[in-house]
Amino acid sequence: GKDKQLIRDSWESLGKNKVPHGIVMFTRLFELDPALLSLFSYKTKCGVASDCLSSPEFLEHVTKVMVVIDAAVNHLDDLHSLEDFLLNLGKKHHDVGVKTQSFAVVGEALLHMLQCSLGAGYTTALRQAWLNMYSIVVSAMTRGWAKNG
C-alpha cells in the first residue's frame, strides 16, 4: 500500500537518468568506508575517490546498481521473483571480495542520496519504506553470498 507508493513516487521523482544519483550514493559510500575503494581496482587505479568516480568502468558499475534498485522498485509486489537474480548478484559480490557488512553501509549511502535528492520529501515513513525494501534485497544477496557458488 502506502509504503510501496512512497518508494515508487520518490524513485520516479529522481528522473530518468539515475547515474548522477548513483554517483552521489557512491561518493557517500567512500566517505563512510574509504577501504571499499580498494575493491574497485580498475585500469585507472582508484587511489582517491575522484579518480574512481570518473572512470568508465566505475560509471558502468554505478549504472548497474541503479538498474538493480530500479528492478526492486518495479517488483515491489513480487520481490521474490528477483530471488535468483539477487542470489547471483550476492555470489558475484562474494567473488570480488565484498564483505556482507558492506551491504549495510551501501544502504546508509542510498538513504543519504535519497535525503539529498528529496529534501523535505524525505520523511521518517519514506526512510523506513526504503529500508524495508533494501533489507529484503540484501537478505537475498546475503544468501547468495553465503552459498559461495
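Source: prediction; values computed, not measured.
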A.B. asks: Heavy atoms, side chains only, cut-off 4.5 Å: are His93 and Met141 in contact?
C.D. replies: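 They are in side-chain contact.
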
A.B. asks: Given Met25 and Met66, is the side-chain contact (heavy atoms from CB on, under 4.5 Å) satisfied, shown in steps?
C.D. replies: CA-CA 10 Å; Met25 179 174 152; Met66 294 296 103; 3.8 Å; yes

A.B. asks: Is there side-chain contact between Leu86 and Val68, with at least one heavy-atom pair below 4.5 Å?
C.D. replies: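 Answer yes - side chains close enough.
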
A.B. asks: Assigning hydrophobic clusters by single linkage (Ile, Leu, Val, Met, Phe, Trp, Tyr; side-chain heavy-atom cutoff under 4.5 Å), is Tyr134 placed with Leu87?
C.D. replies: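 No, Tyr134 does not connect to Leu87 through the hydrophobic network.
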
A.B. asks: Under a 4.5 Å cut-off applied to non-hydrogen side-chain atoms, are Leu131 and Gln128 in contact?
C.D. replies: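 Side-chain contact under 4.5 Å: yes.
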
A.B. asks: Hey, what do you get for OG1 (Thr27) to CE (Met113), rounding to the nearest 0.5 Å?
C.D. replies: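 Between atom OG1 of Thr27 and atom CE of Met113 there are 11.0 Å.
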
A.B. asks: Go through it in stages, so that I can follow the logic: the residues are Asp70 and Asn74, the test is side chain to side chain donor-acceptor pair (under 3.5 Å), and I'd like the CA-CA distance, side-chain angles, deciding distance and then a yes or no.
C.D. replies: CA-CA 6 Å; Asp70 198 58; Asn74 287 320; 3.2 Å; yes

A.B. asks: Quick check: is Val67 connected to Val96 through a chain of hydrophobic side chains (ILVMFWY, heavy atoms under 4.5 Å apart)?
C.D. replies: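 Different clusters.
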
A.B. asks: Please verify the inter-ring angle class for Trp130 with Trp11; under 30° counts as parallel, over 60° as perpendicular, anything in between as tilted.
C.D. replies: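 Trp130 and Trp11: tilted rings.
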
A.B. asks: Taking C-beta and beyond as the side chain, do Leu79 and Met133 meet within less than 4.5 Å on heavy atoms?
C.D. replies: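 Result yes, sub-4.5 Å side-chain heavy-atom pair found.
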
A.B. asks: Tell me if a side-chain donor or acceptor on Ser81 pairs with a main-chain N or O of Asp78 at a distance below 3.5 Å.
C.D. replies: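 At least one qualifying donor-acceptor pair exists.
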
A.B. asks: With distance as the sole test, does Asn17 use its side chain to make a donor-acceptor pair with the main-chain N or O of Val19 at under 3.5 Å?
C.D. replies: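 Side chain of Asn17 to backbone of Val19, a donor-acceptor pair under 3.5 Å: yes, one is there.
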
A.B. asks: To the nearest 0.5 Å, how far apart are CG in Asn88 and CG in Leu82?
C.D. replies: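 Asn88 atom CG to Leu82 atom CG measures 12.5 Å (nearest 0.5 Å).
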
A.B. asks: Which value, rounded to the nearest 0.5 Å, describes the distance between Ile7 atom CD1 and Ile69 atom CD1?
C.D. replies: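 Spacing of CD1 (Ile7) from CD1 (Ile69) equals 11.5 Å.
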
A.B. asks: Give a yes or no answer on whether the side chain of His112 reaches the backbone of Glu108 with a donor-acceptor pair at less than 3.5 Å.
C.D. replies: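 No: the side chain of His112 does not pair with the backbone of Glu108.
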
A.B. asks: Which heavy atom of Leu32 sits nearest to which heavy atom of Ala109, and what is that distance?
C.D. replies: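 Closest approach of Leu32 to Ala109: CD1-N, 4.2 Å.
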
A.B. asks: Any heavy-atom pair between the side chains of Arg127 and Gln115 that's under 4.5 Å?
C.D. replies: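 Sidechains of Arg127 and Gln115: no contact.
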
A.B. asks: Transitively linked via ILVMFWY side-chain contacts under 4.5 Å: Val105 with Phe103?
C.D. replies: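 As far as the 4.5 Å side-chain criterion goes, Phe103 and Val105 are connected within one cluster.
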
A.B. asks: Test your reading of the model: is there a side-chain donor-acceptor pair from Trp145 to the backbone of Ala140, 3.5 Å cut-off?
C.D. replies: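 No: the side chain of Trp145 does not pair with the backbone of Ala140.
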
A.B. asks: Report the C-alpha separation of Glu60 and Lys64 in whole Å, then their side-chain angles, then the decisive distance to 0.1 Å, and conclude whether the side-chain contact (heavy atoms from CB on, under 4.5 Å) test is met.
C.D. replies: CA-CA 6 Å; Glu60 193 183 326; Lys64 285 179 184 168; 3.8 Å; yes

A.B. asks: Got Phe26 and Val106 here, is their nearest side-chain heavy-atom distance under 4.5 Å?
C.D. replies: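 No, their side chains stay 4.5 Å or more apart.
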
A.B. asks: Distance from Ile136 atom CD1 to Leu76 atom CG, nearest 0.5 Å?
C.D. replies: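 Output value for this atom pair is 8.5 Å.
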
A.B. asks: What do you reckon, is CD of Gln101 surrounded by more than 12 foreign heavy atoms closer than 6.0 Å?
C.D. replies: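 Yes, the 6.0 Å shell around CD holds more than 12 heavy atoms from other groups.
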
A.B. asks: Apply side-chain contact (heavy atoms from CB on, under 4.5 Å) to residues Glu12 and Val73 and explain how you reach the verdict.
C.D. replies: CA-CA 10 Å; Glu12 196 178 331; Val73 172; over 6 Å; no

A.B. asks: Is a donor on one side and an acceptor on the other found under 3.5 Å between the side chain of His21 and the backbone of Leu14?
C.D. replies: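 Present.
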
A.B. asks: Under 4.0 Å between a Lys/Arg side-chain N and an Asp/Glu carboxylate O for Asp77 and Arg8?
C.D. replies: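 Here Asp77 pairs with Arg8 in a salt bridge, since their nearest N and O are under 4.0 Å apart.
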
A.B. asks: Asp95 versus Lys92: any side-chain heavy-atom pair under 4.5 Å?
C.D. replies: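 Side-chain contact under 4.5 Å: no.
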
A.B. asks: Applying side-chain contact (heavy atoms from CB on, under 4.5 Å), name anything that partners Ala125, two or more places apart in sequence or on another chain.
C.D. replies: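 Result, side-chain contact (heavy atoms from CB on, under 4.5 Å) vs Ala125: Lys2, Leu6, Thr123.
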
A.B. asks: So which atom in Ser10 and which in Leu118 form the shortest heavy-atom distance, rounded to 0.1 Å?
C.D. replies: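 So the minimum-distance heavy-atom pair works out to CB-CD1, 3.8 Å.
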
A.B. asks: Measure the spacing between CG of Leu111 and CZ of Arg28 and express it to the nearest 0.5 Å.
C.D. replies: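 Going from the CG atom of Leu111 to the CZ atom of Arg28 covers 11.0 Å.
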
A.B. asks: Hey, could you give me the CG/CD1 distance between Leu59 and Ile23, rounded to the nearest 0.5 Å?
C.D. replies: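 One finds 5.0 Å between CG of Leu59 and CD1 of Ile23.
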
A.B. asks: In terms of hydrophobic clusters joined by side-chain contacts under 4.5 Å, are Leu39 and Leu89 together?
C.D. replies: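 Same cluster: Leu39 reaches Leu89 through Ile, Leu, Val, Met, Phe, Trp or Tyr contacts under 4.5 Å.
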
A.B. asks: Can you give me the closest heavy-atom contact between Ser102 and Leu36, atom names plus distance?
C.D. replies: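 Heavy atoms only, the tightest pair is OG-CD2, 3.4 Å.
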
